[in-house]
Amino acid sequence: MNFFTLLPLLLVFSSCSLLVDNGFAVVQALHKVYPELQSLENNGTEIKQLYRTGFHFQPHRHWMNDPNGPMYFKGIYHLFYQYNPEGAVWGNIVWAHSVSRDLINWKSLKPALSPSKPFDINGCWSGSATVLPGFKPVILYTGIDTQNRQVQNYAIPANLSDPLLTEWVKPDNNPIVDPGAEVNASAFRDPSTAWLSFNGHWKTIIGSRSEQTGMAYLYRSKDFLNWTKAEQPLHSVPNTGMWECPDFYPVAHFGRFGLDASVTGNWVKHVLKVSLDMTRYEYYTVGKYYPMADKYVPDNTSADGWSGLRYDYGNFYASKSFYDPMRKRRVLWGWANESDSVQDDVSKGWAGIQAIPRTVWLDPNGKQLLQWPVMELNRLRWKRVMMIHQKLVTGQNVEIKGITAAQADVEVIFSFSSLDKAEAFDPSWVDAQAVCSKLGSTAQGGVGPFGLLTLASENLEEFTPVFFRIFKAETNKHVVLMCSDARSSSLKDGLYKPTFAGFVDIDLSSKKLPLRSLIDHSVIESFGGGGKTCITSRVYPTKAVFEDAHLHVFNNGTEPITVEYLGAWSMRSACVN
């Protein structure tokens, strides 16, 4: 690639080369339309900055939901996402398109796909991108046709020599997958990234349901144009309802490196993730894929259903992963929806952010995934403060001063000398969220609750605690509960302020528990146990904003807790325009 080929690319990114400072959505049906709230001019509404994030991806204005078809192509990361160009509520959905060199700083391009043809005139919904041999990217997406059926279409770049892939073409031989008479045409969407099998057939899965049985239909093709449905789904589970945004990919038994979707073998496991339309959260399983039979069989190490493992136990939905061949990793994107009201979203002029992209790999125990923010995020760190060997007795909290607490990255290692004071664990406590709601962060326990008070006001009228509590089970093992509790996050009424929680499967023989929290004005992403359990919370404080936000470590357990190490960084703002 010569200089003149690179020049347009350099110009596009020049503005991002410097870092500068700068009804409840969670329970509503995703596809509810508000025609009275749509406007190209956004009714003149000023875009309000109070809760806008500094280093998360979000458009300048309007509604955003699912990440679609993220991919790496010729040195550039591409993120497509569901976007309403006419308002801050769902509707008028197009495939918006942004590009980046580092997954953190982004430049917006014009939409890649908009409703325009009979096979998608009523909507260009979610899908995926696949890079075919010869560096030829293809988008697979769900279109809503003239009969309001969900059909699967493809789009290709108009100019492969354009490194930004600015223009996309939707050929007239679409749709390439029709639901036919045997498939529910109102529940047939979100084709996955395709993989190439040993016999030269391309394969993809599409989310669906049959009555209340959720399923991933499998389709095969020799040429990526003519697709045939397999006799049996790749996998299905009764009583899980509609499966949205299915994702299917291999992970290596050992190591952090990622794998292309087409890799198979005895040295890999496979992950199947689905987004549950009935509950508005996701779950995944780890298991074995049998390419000859095109069947996926989950391991028996976790539940295959509503109570299964989740990427994230908070505001995180419609996720999509991709293989990054440059850094040999698998990267996960997820939508963090708002928890305020529709009226709030219209007032502030925007709704929806993307969680920080995460690297994912298989835990050495082989039973679950580990997740961690991509390494590029660390480039935004500045102005670090540290705390070493700080003891916290019962009821004590200590403020972390010297950083911008409303926009920060915090890594901490807690330790304890004994687990003898751990409370008894009730075996009926299978729902971590219910346990967290019952016990909270202020009620005194044995070993915990201890953790962080994030986005706290000066007098603690508002705060969002992210914390651990350790219990002793009848088997003489210990159970670790991790919570992110938004109930005290804001004095404002009319917000959805849930407790989010998950159990952390971690060996406590070292008597240490690590936690990392990314704090960004209206979102707190937390990674417990080195990425074993992750929770994203959306919050809207009224006092703990900008320079009036504070950060504390705390302990409300009778067992003294030591902050072995804490590193907290103010975070620069990313460039997203």
Side-chain angles (χ1 to χ4, degrees), residues 66-67 69-71 128-130 190-197 203-207 214-218 233-237 240 243-276 281-291 293-313 316-324 328-334 355 357-372 374 502 505 527 530-534:
D66 308 7
M71 69 175 179
S128 302
T130 303
D190 310 336
S192 73
T193 298
W195 67 96
L196 186 62
S197 65
K203 298 173 183 179
T204 186
I205 55 174
I206 301 169
M215 61 185 59
Y217 284 120
L218 186 137
L234 176 76
H235 191 54
S236 63
V237 179
T240 53
W243 286 6
E244 296 189 305
C245 306
D247 203 7
F248 186 61
Y249 55 89
V251 288
H253 281 179
F254 302 102
R256 296 191 175 197
F257 60 92
L259 300 172
D260 179 82
S262 300
V263 173
T264 58
N266 292 328
W267 58 285
V268 305
K269 288 180 178 284
H270 272 74
V271 174
L272 176 63
K273 184 277 309 185
V274 297
S275 304
L276 299 177
Y281 59 71
E282 309 184 310
Y283 84 94
Y284 73 88
T285 55
V286 177
K288 184 171 180 60
Y289 170 51
Y290 295 89
D294 276 327
K295 291 296 292 182
Y296 167 74
V297 179
D299 295 343
N300 61 2
T301 53
S302 68
D304 187 9
W306 287 10
S307 60
L309 295 169
R310 302 189 206 175
Y311 287 148
D312 193 296
Y313 291 84
F316 191 90
Y317 193 73
S319 64
K320 181 67 65 175
S321 73
F322 75 100
Y323 174 62
D324 175 5
K328 303 295 188 293
R329 62 185 173 182
R330 180 156 290 274
V331 177
L332 174 70
W333 285 93
R358 307 169 180 182
T359 303
V360 295
W361 68 98
L362 187 65
D363 189 310
N365 68 19
K367 297 188 294 184
Q368 69 166 90
L369 296 174
L370 298 177
Q371 304 169 65
W372 203 246
V374 293
D505 184 8
F527 302 80
K532 285 176 173 286
T533 300
C534 307

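By convention here, the first residue in the shown sequence is residue 1. Remember, predicted model here, so these are calculated numbers, not experimental data.
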Open item on the list: For K367, give me all partners under salt bridge (Lys or Arg N to Asp or Glu O under 4.0 Å), at least two apart in sequence or on another chain.
Closed with: D505
Open item on the list: Checking the side chain of K295 only, and the main-chain atoms of P233 only, is there a donor and an acceptor separated by less than 3.5 Å?
Closed with: yes
Open item on the list: Measuring from atom OG of S307 to atom OH of Y283, what distance do you get when rounded to the nearest 0.5 angstrom?
Closed with: 9.0 Å
TODO: Keeping the roles fixed (side chain from R330, backbone from W361), state whether a donor-acceptor pair exists under 3.5 Å.
DONE: no
Open item on the list: Main chain of L309, side chain of Q368: is a donor-acceptor contact present, judged purely on distance under 3.5 Å?
Closed with: no
Open item on the list: Can you tell me how far apart CG (L369) and CG (L362) are? Round to the nearest 0.5 Å.
Closed with: 6.5 Å
- [ ] Name all residues meeting the side chain to side chain donor-acceptor pair (under 3.5 Å) criterion together with W195; count only those two or more places apart in sequence or in a different chain, and write none if there are none.
- [x] Y289
Open item on the list: Under the rule for salt bridge (Lys or Arg N to Asp or Glu O under 4.0 Å), what residues qualify as partners of D247, not counting sequence neighbours?
Closed with: none
TODO: Compare all side-chain heavy atoms of K532 with those of N365 and state whether any distance is below 4.5 angstrom.
DONE: yes
TODO: Only counting residues at least two apart or in another chain, list the ones meeting side chain to side chain contact (heavy atoms under 4.5 Å, CB included) with S128.
DONE: T193, K320
Open item on the list: A216: which residues meet the side chain to side chain contact (heavy atoms under 4.5 Å, CB included) condition with it, sequence neighbours left out?
Closed with: I205, W243
TODO: Not counting sequence neighbours, which residues clear side chain to side chain contact (heavy atoms under 4.5 Å, CB included) with S197? List them please.
DONE: N199, H201, K203
Task: Y317 side chain vs D66 backbone, donor-acceptor pair below 3.5 Å - done: no
Task: Rounded distance [0.5 Å steps], CD1 in I206 versus CG in L234 - done: 12.0 Å
Open item on the list: Going by salt bridge (Lys or Arg N to Asp or Glu O under 4.0 Å), name the pairs with one or both residues in residues 258-269, residues two or more places apart or in two chains.
Closed with: K269-D299
Task: Contact summary for A355 and F316, nearest pair of heavy atoms - done: CB-CE1, 3.7 Å
TODO: For the pair T130 (side chain) and A194 (backbone), establish whether a donor and an acceptor sit closer than 3.5 Å, ignoring hydrogens and angles.
DONE: yes
Task: Closest approach of F322 to P70 (non-hydrogen atoms, all atoms of both residues) - done: CB-O, 3.2 Å
Task: Closest contact, heavy atoms only, S275 versus C245 - done: OG-CB, 3.8 Å
Open item on the list: Quick one: does any side-chain atom of Q371 pair with a main-chain N or O of Y311 as donor and acceptor, under 3.5 Å?
Closed with: yes
Open item on the list: Tell me every residue that passes ring-ring contact (aromatic ring centres under 6.0 Å, His included) with Y296, counting only those two or more places apart in sequence or in another chain.
Closed with: H235, F248
Open item on the list: Please check this pair: side chain of E244 against backbone of D190, looking for a donor-acceptor N/O pair closer than 3.5 Å.
Closed with: no
Task: Residue list, ring-ring contact (aromatic ring centres under 6.0 Å, His included) with Y249, at least two apart or on another chain - done: none
Task: Pairwise distance OG1(T240) to CH2(W306) - rounded to 0.5 angstrom - done: 8.5 Å
- [ ] Could you list all the salt bridge (Lys or Arg N to Asp or Glu O under 4.0 Å) pairs where at least one residue sits in residues 249-258, not counting sequence neighbours?
- [x] none
Open item on the list: List the residues meeting side chain to side chain contact (heavy atoms under 4.5 Å, CB included) with R329, not counting sequence neighbours, and say none if there are none.
Closed with: Y77, L103, D324, R327, V331, T359, V374, M375, E376
Open item on the list: I need the minimum non-hydrogen distance between T204 and S192, along with the two atoms involved.
Closed with: OG1-O, 2.9 Å
TODO: Over all heavy atoms of both residues, which pair between V286 and G366 is shortest? Give the atoms and the distance, please.
DONE: CG1-O, 4.0 Å
TODO: Not counting sequence neighbours, list each pair that qualifies as a salt bridge (Lys or Arg N to Asp or Glu O under 4.0 Å) and has a residue in residues 303-313.
DONE: D312-R358
Open item on the list: If you compare all heavy atoms of Y313 against all heavy atoms of G308, which two are closest, and at what distance to 0.1 Å?
Closed with: OH-O, 4.5 Å
Task: Whether over 12 other heavy atoms sit under 6.0 Å from F257 CZ - done: yes
